[in-house]
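As structure tokens, the structure follows; a few thoughts come after it.
Counting begins at 1 with the first residue of the sequence.
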Amino acid sequence: MNEDLFSDITDTLFEDKAILSEEYQPNEIVEREDEIDAFRSALKDILFGRNPSNVFIYGKTGVGKTAVTEYIMTALEAEVKRRDDAEKLHVHFRNCNDDTVYRTVRALINSIRGDGCEPFPETGHSTAHALETLYEEMDSNGGTYLFVLDEIDHLSDPNTLLYELPRARANDHLTSSRVGVIGISNNYAFRSSLSPKVKDTLMEKEIAFSPYDADELRSILTTRAEKALIEDAWDESAIKLAAANAAKDTGSARQAIDLLREGGDVAEENGATEITDEHIELAVDRVQRGRVENKLRDQTMHGQLILEALAKLEVSGSTPAKSKEVQRTYVHVAESRHQDPLTTLKSIQNHLADLTMLGFLERTEHNEGRAGGAHYQYELALDPTIVLETRDTIEAESA
């Protein structure tokens, strides 16, 4: 019988562990005052019935872009409701990862219609018809619409959507409603990839979120710890260590919070009454392995194989490596995994560029003059041992 299996677990260091989860939305945002002020200024016209500005938010994962956006939207909606002369405000969120324009527009239509209403068809209509339907839905309700498009750089054709929406009122597609776009992206170079006419149309406000430093992360962790943990359940030194580790690695609040939560789990497993440096040190390895595994699994098969190739090069002391060197090792790795390798160097270079942008790789430019010309060299920004172990696990699961 296993009825007593959990009977010895009677104490916990956590008062409210959900506060250390990714889903938690804090009532107060700390260490992002300047970004909040910029966001607030960019959207103030909404309070006076004017056309909203388009806003683009840039920054790496875990630096508060989405949290601040949700915080601002909540505050703005509340303020609009308090003002009798303000137009209705409708805020709709959409993650555009691997989305087509049609799917994104369809999702916005269905979000406006709400549950219980007939959804817009998945297929059978053109993007132009979908946009026309979106405008009809907006005008039928009136007011101001803010479309928050997360990971907008992953949209299949952002030029189409970012040209159409900001011009909808000027082109008489909208008469009783207004629209603004809030784009969120990890890619600082996203704007440069847009067409000139889209850049001219957007006239957006840009807000860049820099990585947190150790002091900022320490402030964030202290705020979370005071709410998530019971009294005297952590050593101040452990907070400093978790903040320092995250600042040195990614500057991500998400990583720092994960370290604190994992440190609490380690402390409980060892029967400790407070989280110490030792528990954080053990948590660092756990969190790093989990983070690498999750990020690796999100990549395409060939992206994973290229990372595996670079991990092998790293272990053998052959990095930084040129793209041709990466390609040679990648071909061997792909064949050993019974995959047909990509055949062109350009396709490998495209993957290397994407993996660099996502933070998997570090890229340096070298110029060998007339003899060799300019070229990039790549090395892994992750622990190669963890990459190789994770790839073995993924392959074993699919066998």
Side-chain angles (χ1 to χ4, degrees), residues 8-24 26 30-31 60-64 210-297 307 310-311 314-315 317 319 358-362 379-393:
D8 62 327
I9 301 176
T10 56
D11 298 317
T12 180
L13 300 178
F14 297 98
E15 181 74 32
D16 187 352
K17 198 172 184 178
I19 290 172
L20 300 179
S21 69
E22 190 169 355
E23 296 78 23
Y24 177 72
V30 296
E31 302 299 340
K60 292 183 177 180
T61 300
V63 296
S210 59
Y212 292 107
D213 63 29
D215 288 338
E216 291 168 336
L217 290 174
R218 179 183 172 190
S219 172
I220 292 168
L221 286 184
T222 299
T223 301
R224 294 288 183 103
E226 290 171 348
K227 298 177 180 179
L229 301 170
I230 63 174
E231 191 174 357
D232 298 326
W234 71 92
D235 189 310
E236 184 61 32
S237 176
I239 295 284
K240 290 182 182 178
L241 184 59
N245 268 280
K248 181 175 62 176
D249 188 5
T250 62
S252 161
R254 177 74 269 140
Q255 183 181 358
I257 293 166
D258 286 346
L259 284 174
L260 181 59
R261 186 191 65 249
E262 196 66 40
D265 285 338
V266 172
E268 286 190 343
E269 291 164 13
N270 287 276
T273 57
E274 69 173 6
I275 304 168
T276 66
D277 287 11
E278 180 183 1
H279 302 133
I280 296 298
E281 287 168 357
L282 291 170
V284 167
D285 183 63
R286 285 193 190 181
V287 168
Q288 184 182 22
R289 287 179 179 275
R291 189 162 54 89
V292 170
E293 181 172 345
N294 290 337
K295 290 174 70 175
L296 203 60
R297 289 178 182 274
L307 288 170
L310 270 158
E314 189 108 355
V315 168
T319 55
L358 292 170
F360 286 101
L361 309 178
E362 292 179 357
E379 57 188 316
L380 207 58
L382 307 170
D383 186 324
T385 302
I386 298 176
V387 172
L388 294 173
E389 289 175 355
T390 301
R391 282 291 302 130
D392 286 339
T393 299

Point to revise | Spacing of Trp234 atom CH2 and Leu221 atom CG [to the nearest 0.5 Å] | key: 11.0 Å

Point to revise | Asp16: partners by side chain to side chain donor-acceptor pair (under 3.5 Å), with sequence neighbours left out | key: none

Review point. Between Tyr212 and Lys60, is any pair of side-chain heavy atoms under 4.5 Å apart?
Key: no

Check your understanding: What residues form a side chain to side chain donor-acceptor pair (under 3.5 Å) with Lys17, not counting sequence neighbours?
Key -> Asp265

Check your understanding: Can you name the nearest heavy-atom pair linking Pro211 to Val63, along with the distance?
Key -> CA-CG1, 3.8 Å

Practice item. Take Leu307 and Leu361, measure what side-chain contact (heavy atoms from CB on, under 4.5 Å) needs, and give me the verdict at the end. Key: CA-CA 9 Å; Leu307 288 170; Leu361 309 178; 3.8 Å; yes

**Study point:** Residue pair Phe14 / Ile230, side-chain heavy-atom distance below 4.5 Å
**Key:** no

Study note, to complete from the structure: Taking every heavy atom of Ala381 against every heavy atom of Glu362, the minimum-distance pair comes out as CB-CG, 3.9 Å

Review point. Is it the case that more than 12 heavy atoms not belonging to Glu268 sit under 6.0 Å from its CD atom?
Key: yes

What pairs of donor and acceptor atoms, side-chain ones from residues 241-259 against any protein atom, are under 3.5 angstrom apart with sequence neighbours left out?
from: Asn245; atom 1: ND2; to: Leu241; atom 2: O; distance (Å): 2.9
from: Asp249; atom 1: OD2; to: Gln255; atom 2: NE2; distance (Å): 2.9
from: Asp249; atom 1: OD2; to: Arg291; atom 2: NH2; distance (Å): 2.5
from: Thr250; atom 1: OG1; to: Ser252; atom 2: N; distance (Å): 3.2
from: Thr250; atom 1: OG1; to: Gln255; atom 2: OE1; distance (Å): 2.5
from: Ser252; atom 1: OG; to: Arg254; atom 2: N; distance (Å): 3.1
from: Ser252; atom 1: OG; to: Gln255; atom 2: N; distance (Å): 3.1
from: Arg254; atom 1: NE; to: Asp258; atom 2: OD1; distance (Å): 3.2
from: Arg254; atom 1: NH2; to: Leu20; atom 2: O; distance (Å): 3.2
from: Arg254; atom 1: NH2; to: Asp258; atom 2: OD1; distance (Å): 3.2
from: Asp258; atom 1: OD1; to: Arg261; atom 2: NH1; distance (Å): 2.9

Review point. Which residues satisfy the side chain to side chain donor-acceptor pair (under 3.5 Å) test with Glu22, sequence neighbours excluded?
Key: none

Point to revise | Sidechain N-carboxylate O distance under 4.0 Å for Glu293, Arg297 | key: yes

Point to revise | Heavy-atom side-chain contact between Leu382 and Leu296 under 4.5 Å | key: no

Review point. Between Arg286 and Glu269, is the closest basic N to carboxylate O distance under 4.0 Å?
Key: yes

Point to revise | Close side-chain approach of Ile239 and Ile275, heavy atoms under 4.5 Å | key: no

Exercise for review: Please name all residues satisfying side chain to side chain contact (heavy atoms under 4.5 Å, CB included) with Ser237, sequence neighbours left out, ordered by chain then number.
Suggested key: Asp235, Asp277

Practice item. Determine whether Val292 and Asp383 make a side-chain contact, defined as any pair of heavy atoms from C-beta on separated by less than 4.5 Å. Key: no

Practice item. Determine whether the side chains of Thr319 and Glu314 contain a donor N or O and an acceptor N or O closer than 3.5 Å. Key: yes

**Study point:** Pairs touching residues 210-222 that satisfy salt bridge (charged side-chain N to carboxylate O under 4.0 Å, His left out), sequence neighbours left out
**Key:** Arg218-Glu236

Point to revise | From CG (Asp285) to CD1 (Ile386), nearest 0.5 Å | key: 6.0 Å

